[in-house]
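What follows is a single structure, written as structure tokens, with notes after it.
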Amino acid sequence: MRDVTAELFQKIQKDDPNQTEFQQAVHEFLNSVDKIIDDLPHVVYHKVLDRLIEPERAIMFRVPWTTDEGILQINRGFRVQMNSALGPYKGGLRFHPSVNLSIVKFLAFEQTFKNSLTGLQMGGGKGGSNFDPKGKSDSEVMRFCQSFITELSRHIGADTDVPAGDIGVGGREIGYLFGQYKRLRNEFTGTLTGKSPLWGGSYIRPEATGYGLVYLAAAMLHDKGESFEGKTCLVSGSGNVAQYTVEKLNSLGAKVVTLSDSTGCIYDPSGIDDKKLRYVKTLKNVTRGRISAYAEAFKEAEYFPRKENGGANQVWTFAADCAFPCATQNEISATDARNLVKSNIKLVAEGANMPTTLEGVDIFHDNGVLFAPAKAANAGGVAVSGLEMAQNSSRIQWTAEKVDQQLQRIMKGIYANIRDTAKHYGSEGNLVDGANIAGFLKVANAMIDQGYV
Ligand code: NDP
């Protein structure tokens, strides 16, 4: 790294030594910006860089709630309002026991550049809690959500900060959060996205991240004269992003052979067709069961429990053409990346946020694997959230076809932008550089225009 970027990185290491996920996200970003920083007017852009890595605001609060048995519980709530240069803060809420300030900051940092790439008017933010919805009753989840939003409602609003879902926050949670927000404010506004289309949500929002991921990956293959027809694909996770990634891949003639959750993965060599996918949706969204049940329901599939001692992630050991990590951060280590390269993987597109370690990304680049980074590849979800905000502002609901067309247009546009930006700045084929540089320049120029605030 050059002096200016190296000094910045040392600063965040010194200021926040325990925030390893945030450091990882900033490191990847600075590696790309490093390649252009000397060509930009020094004082101007250096002064923006040090502001970009500092959240405009980070809110941490306690969330008291009671179990069905009347036992008092306490969790931690977070909202990091990273950057509002391009619009109201926008980004999801994650409910998972691993959530801490480092994870929320890394997600908010990534979100800022992702939202910039969509071309819509959205700043970057992210939030959540270390609450674990797994094993909780509907009424426990409802009481938790009501308590969480009671505090968060002071800090958000349709023109200020518009949260959405993420891991552990789906349609059920958004409903509970919205209902309580509406009571507190006595107003019906588009302050949360991911709402049901029955009451203010956008069609295609649940599908958007998975569909968008596949649209962007299809554009990458198209550039090489290829398509998904007949391709074998690995997908990890089995939640919102994974489910709609499989659905779109199936519709384009691909065969998906894996899914996973935090307890293990399934391998189904005959493919997870639409009928089996319907089973997965009920299993994960309604009965909230474990993915191991898939191998009991479909005898052609095999279940592999997760190994507790780390090591290789089983999902990435099966032969395939394309891989879509759709579970969580750092699920593709250097070992996993080597396993994928060994089995001749052609394309990796990130549905989850930062699922590949820095070493893993280098291994893909060094071996000519087409690699689409999360901040571009999974931007479809927030893009349709942006379209939901537009629909709410005009009090009109678009048809599913119209939203899907807009989503396809946005994803193709993002791919063309990051491909061309990488080429323009001498990093042809490196979409990580393309996404970071294109995302950075837009946010930085807006901040400069607005007086470096
Ligand atoms: P869901 O909660 O719907 O699903 C998450 C899936 O990942 C589940 O299968 C879950 O398994 C698995 N998972 C979560 N944590 C771990 C872990 N530590 N180890 C192994 N598996 C894990 O979340 P989403 O599908 O919404 O989100 C998945 C990823 O996509 C996240 O990185 C999120 O930030 C990203 N994303 C989501 C968007 C959206 O619109 N929803 C938009 C852009 C990015 P289990 O059920 O066992 O916990």
Side-chain angles (χ1 to χ4, degrees), residues 21 25 90-99 103-104 106-108 110-111 114-115 117-118 124 126-128 130-135 163-174 193-194 201-202 204-213 216 235-246 258-266 280-281 283-285 287-294 304-308 310 313-316 324-333 336 349-356 373-386 388 407 411:
E21 292 86 359
K90 181 89 196 84
L93 298 171
R94 177 177 290 192
F95 291 170
H96 192 272
S98 63
V99 166
I103 289 183
V104 179
F106 115 67
L107 290 165
E110 293 272 299
Q111 193 79 45
K114 181 185 310 190
N115 294 0
L117 290 173
T118 65
K126 201 85 186 190
N130 59 356
F131 172 74
D132 187 358
K134 262 194 235 101
D166 191 79
I167 292 179
V169 179
R172 173 183 63 169
E173 289 75 15
I174 292 292
T193 59
S202 175
I204 308 292
R205 176 58 189 92
E207 295 87 345
T209 308
Y211 280 18
L213 173 67
L216 187 131
V235 174
S236 67
S238 47
N240 171 270
V241 180
Q243 291 169 18
Y244 289 104
T245 298
V246 177
T258 59
L259 280 173
S260 70
D261 65 15
S262 49
T263 51
C265 79
I266 57 102
V280 173
K281 284 183 182 172
L283 176 73
K284 286 292 169 182
N285 310 345
T287 54
R288 300 183 191 274
R290 307 279 77 213
I291 199 68
S292 53
Y294 182 101
F304 299 86
R306 183 177 166 175
K307 295 187 195 96
E308 281 312 321
N313 184 342
Q314 188 80 35
V315 185
W316 313 124
F324 297 88
C326 296
T328 192
Q329 62 273 0
N330 292 328
E331 52 170 317
I332 300 185
S333 65
D336 301 320
E350 296 186 324
N353 281 309
M354 205 168 74
T356 316
K375 51 172 86 67
N378 70 22
V382 75
V384 173
S385 275
E388 184 172 328
L407 174 63
M411 297 315 294

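Counting starts at 1 for both ligands and their atoms, in listed order. What you see below is based on every heavy atom in this structure, not just the backbone, and it leaves out hydrogens, waters and symmetry mates.
Checked by atom type, the side-chain pair Asn240/Lys284 shows no donor-acceptor distance below 3.5 Å. Looking only at atom types and distance, the side chain of Thr118 has no donor-acceptor partner in the side chain of Asn115 under 3.5 Å away. Under the 3.5 Å distance criterion, with hydrogens and angles disregarded, a donor-acceptor pair is assigned to the side chains of Glu350 and Thr356.
To the nearest 0.5 angstrom, Phe95 atom CZ is 10.5 Å from Asn130 atom CG.
A salt bridge links Glu110 with Lys375: the closest approach of a Lys/Arg side-chain nitrogen to an acidic carboxylate oxygen falls below 4.0 angstrom.
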Pairs under 3.5 angstrom, nitrogen or oxygen on both sides, ligand 1 versus protein: list them out, please.
residue, atom, partner, partner atom, Å
ligand 1, 2 (O), Gly168, N, 2.9
ligand 1, 3 (O), Asn240, N, 2.9
ligand 1, 9 (O), Ser238, N, 2.9
ligand 1, 9 (O), Ser238, OG, 3.2
ligand 1, 11 (O), Ser262, N, 3.3
ligand 1, 19 (N), Arg306, NH1, 3.3
ligand 1, 25 (O), Asn240, N, 3.2
ligand 1, 25 (O), Val241, N, 3.0
ligand 1, 32 (O), Arg94, NH2, 3.4
ligand 1, 32 (O), Asn353, N, 3.1
ligand 1, 34 (O), Arg94, NH2, 2.9
ligand 1, 34 (O), Asp166, OD1, 2.6
ligand 1, 34 (O), Asp166, OD2, 3.3
ligand 1, 34 (O), Asn353, ND2, 2.8
ligand 1, 40 (O), Arg205, NH1, 3.3
ligand 1, 40 (O), Arg205, NH2, 3.1
ligand 1, 40 (O), Thr209, OG1, 2.7
ligand 1, 46 (O), Arg290, NH2, 3.3
ligand 1, 47 (O), Ser262, N, 2.9
ligand 1, 47 (O), Ser262, OG, 2.4
ligand 1, 47 (O), Arg290, NH1, 3.0
ligand 1, 47 (O), Arg290, NH2, 3.2
ligand 1, 48 (O), Lys134, NZ, 3.0

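With sequence neighbours excluded, no residue satisfies side-chain hydrogen bond (donor to acceptor under 3.5 Å, both in side chains) with Glu207.
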